[in-house]
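This chain uses plain numbering: 1 for the first residue, then up along the sequence. What's counted below: heavy atoms across the whole structure, side chains too, no hydrogens, waters or symmetry copies.
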Amino acid sequence: IEIKNTNTQLDTLVIDEGLLPKREYRYKAYRVDKGVAVDSSMELIVRTMDTTSHEFSWEITYLGDGASSVLYDVAIINDTLAYAVGEISVRDSNGQWINPPYNMAQWDGKSWKLKRIMYNYQGSDYYAPLHSVFAFSENDYWVGSNQPMKWNGTKWITFDLGSDIWNGWIKKIWGSNGNNVFIVGGNGAIAHFDGVRWRRIEITPESGQGGTDVDLTDVWGSPNGSIVWATAYSDDRYETYLLRYSGIDWNIAYDGTNSWYHTPDSISGVITSIWTNSKNKVFVGAGAGIFLCDVRLNWKSLLITPFGWLRTLPSRIRGEAINDIFIVGTYGFIGHYNGLTSKHYKDYWGPGLVFKSVSQKGNFVIAVGYLYGPIKSKATVFIGRR
């Protein structure tokens, strides 16, 4: 509830926590004179959201014939079209490895079709594993290797950024539209595409912008693109941050470096992933679980999953709504938050299975990663339907 103070022109934010789902609440603001309510505002009726169902059935598919096959990322267009990217090694009919491997798998509603996306550099095609994918539509989706590429409905367009703008793997891609696209990667690297040109925004502590030069693991923004977030984590330097961009500079919004121990009202543990569908609230995937953070309240954060429920370092958090969120990680961890309770799909918990990313569209969800083997690791896809 936001109340306007006509004398100071300042807004007052009132937070009412602990409301039950699917309930109607009525609010009034009263003017008090010497301890007596003399008048009131009109009544405001608010109905809280309902919870969503945890009941997903899962279909498991393994892609590739081993040789360290892996899927790093996935994007869903709808339940009959999705793209997963990584590196998938397959043998031919003679038992020989097909070279180069495949780096994309396309879902058609029934099965996965392997594809090989080549990037063009100075007129020649080159192969590289794909580490990231982000889709606006079937005629506008992006993939990242060591260069960003865009499918425009007819052909692949490779953006040759050059070492002055980009150097290394593109770990994650996010955009509000095709003219506002961000990519993130190692050593604090960020680049932005405005529809015409790319600009590098590598933030380091020495830049004076309050940034970091540790690896960036995820990027996501508000629906209109006005606020963009990135997560940073380095396991060898014991640093972790949440970065925020508000249209001018990137800055550290939250420094979690010294927050390794659980605190229920602030982000604690390694910060690895982020998701939001608003400008003011973000869901942060951290070592202690999923935190709901309100940026208007000096980073007051609420752990919305039970402490100890997340028994792994989260790889990715993605959602459809604030009451419909998935989180995945190592040891085959898949979890769902429905706005009130959390469920861990324990049938798949155990060593060897690693999830790298997850995507959701309504009642359809896909988690991707790999099933570890000393020689024959296979790319893994879990499709969930509700």
Side-chain angles (χ1 to χ4, degrees), residues 63-75 82-92 96-107 112-136 140-175 178 181-193 197-200 202 215-219 230 315-316 354-357 359 366 368-370 372 376-381:
L63 301 177
D65 296 321
S68 300
S69 295
V70 59
L71 292 172
Y72 293 111
D73 204 3
V74 59
Y83 303 97
V85 298
E87 187 165 61
I88 307 132
S89 297
V90 177
R91 296 182 185 272
D92 62 20
Q96 301 300 310
W97 293 110
I98 297 175
N99 191 37
Y102 298 98
N103 53 11
M104 175 181 281
Q106 178 179 328
W107 172 253
W112 292 91
K113 180 181 179 181
L114 299 184
K115 292 188 171 185
R116 185 182 298 108
I117 310 302
M118 309 290 283
Y119 73 89
N120 188 273
Y121 176 69
Q122 297 183 350
S124 298
D125 288 336
Y126 294 88
Y127 168 84
L130 297 178
H131 284 257
S132 50
V133 58
F134 187 84
F136 298 106
D140 186 4
Y141 62 93
W142 299 62
V143 297
S145 56
N146 51 12
Q147 297 293 325
M149 291 176 281
K150 170 187 175 179
W151 175 257
N152 67 0
T154 304
K155 63 179 181 179
W156 283 100
I157 299 173
T158 301
F159 296 92
D160 180 14
L161 303 191
S163 59
D164 57 328
I165 297 179
W166 195 260
N167 184 20
W169 297 115
I170 299 170
K171 294 297 186 179
K172 281 296 166 188
I173 306 170
W174 179 87
V181 178
F182 292 85
I183 58 177
V184 299
N187 300 315
I190 306 174
H192 176 247
F193 180 65
R197 68 184 183 93
W198 285 90
R199 181 171 66 97
R200 184 177 179 87
E202 184 173 15
D215 295 343
L216 302 186
T217 57
D218 200 8
V219 61
S315 299
R316 198 68 53 220
V354 176
F355 287 113
K356 304 293 287 185
S357 191
S359 181
I366 302 177
V368 299
Y370 64 94
Y372 174 76
K376 298 182 178 181
S377 294
K378 292 189 176 183
T380 305
V381 181

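Pairing each heavy atom of Leu130 with each of Ser145, the nearest pair is CD2-CB, 3.9 Å. In terms of heavy atoms, Val74 sits closest to Ser357 at N-OG, 4.2 Å. Here the closest non-hydrogen pair linking Trp142 and Gly178 is CZ2-O, 3.9 Å. In terms of heavy-atom proximity, Ser315 sits nearest to Phe355 at OG-O, 2.8 Å. When every heavy atom of Ile170 is checked against every heavy atom of Asn146, the shortest pair comes out as CD1-C, 4.4 Å. Here the shortest heavy-atom pairing between Asp215 and Gly186 reads OD1-CA, 3.4 Å.
Legend: residues meeting ring-ring contact (aromatic ring centres under 6.0 Å, His included) with Tyr370, ordered by chain and number and at least two apart, are absent. A search for side chain to side chain contact (heavy atoms under 4.5 Å, CB included) contacts involving Ala191 returns Ile165, Trp166, Ile183, Trp198, not counting sequence neighbours. For Asn99, the side chain to side chain contact (heavy atoms under 4.5 Å, CB included) partners at least two apart in sequence or on another chain are Pro101. For Lys171, the side chain to side chain contact (heavy atoms under 4.5 Å, CB included) partners at least two apart in sequence or on another chain are His131, Trp169.
Note that CZ of Phe193 and CG of Leu161 are 9.5 Å apart. Values are rounded to the nearest 0.5 Å. With rounding to the nearest 0.5 angstrom, the OG atom of Ser132 is 12.5 Å from the NZ atom of Lys356. How far CG of Leu63 is from CH2 of Trp112: 7.5 Å, rounded to the nearest 0.5 Å.
No donor-acceptor distance shorter than 3.5 angstrom exists from the side chain of Asn187 to the backbone of Ala189, with no hydrogens or angles considered. Looking at Ser89, its side chain never comes within 3.5 Å of a backbone N or O of Ser69 through a donor-acceptor pair.
Identified under the salt bridge (Lys or Arg N to Asp or Glu O under 4.0 Å) test for residues 142-169, with sequence neighbours left out: none. Residues in residues 113-124 take part in these side chain to side chain donor-acceptor pair (under 3.5 Å) pairs, two or more places apart or across chains: Gln106-Lys115, Asn120-Asp125.
Aromatic rings from Trp151 and Phe136 are positioned such that their centres are separated by 6.0 Å or more.
Put simply, the residue from Ile88, Leu114, Val85 that forms a side chain to side chain contact (heavy atoms under 4.5 Å, CB included) with Met104 is Val85.
Val354 places none of its side-chain heavy atoms less than 4.5 Å from the side chain of Tyr372.
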Check against side-chain contact (heavy atoms from CB on, under 4.5 Å), Tyr127 and Asn103: CA-CA 9 Å; Tyr127 168 84; Asn103 53 11; 3.6 Å; yes

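Summarising the local packing, NZ of Lys172 is surrounded by more than 12 heavy atoms from other residues, nucleotides or ligands at distances under 6.0 Å.
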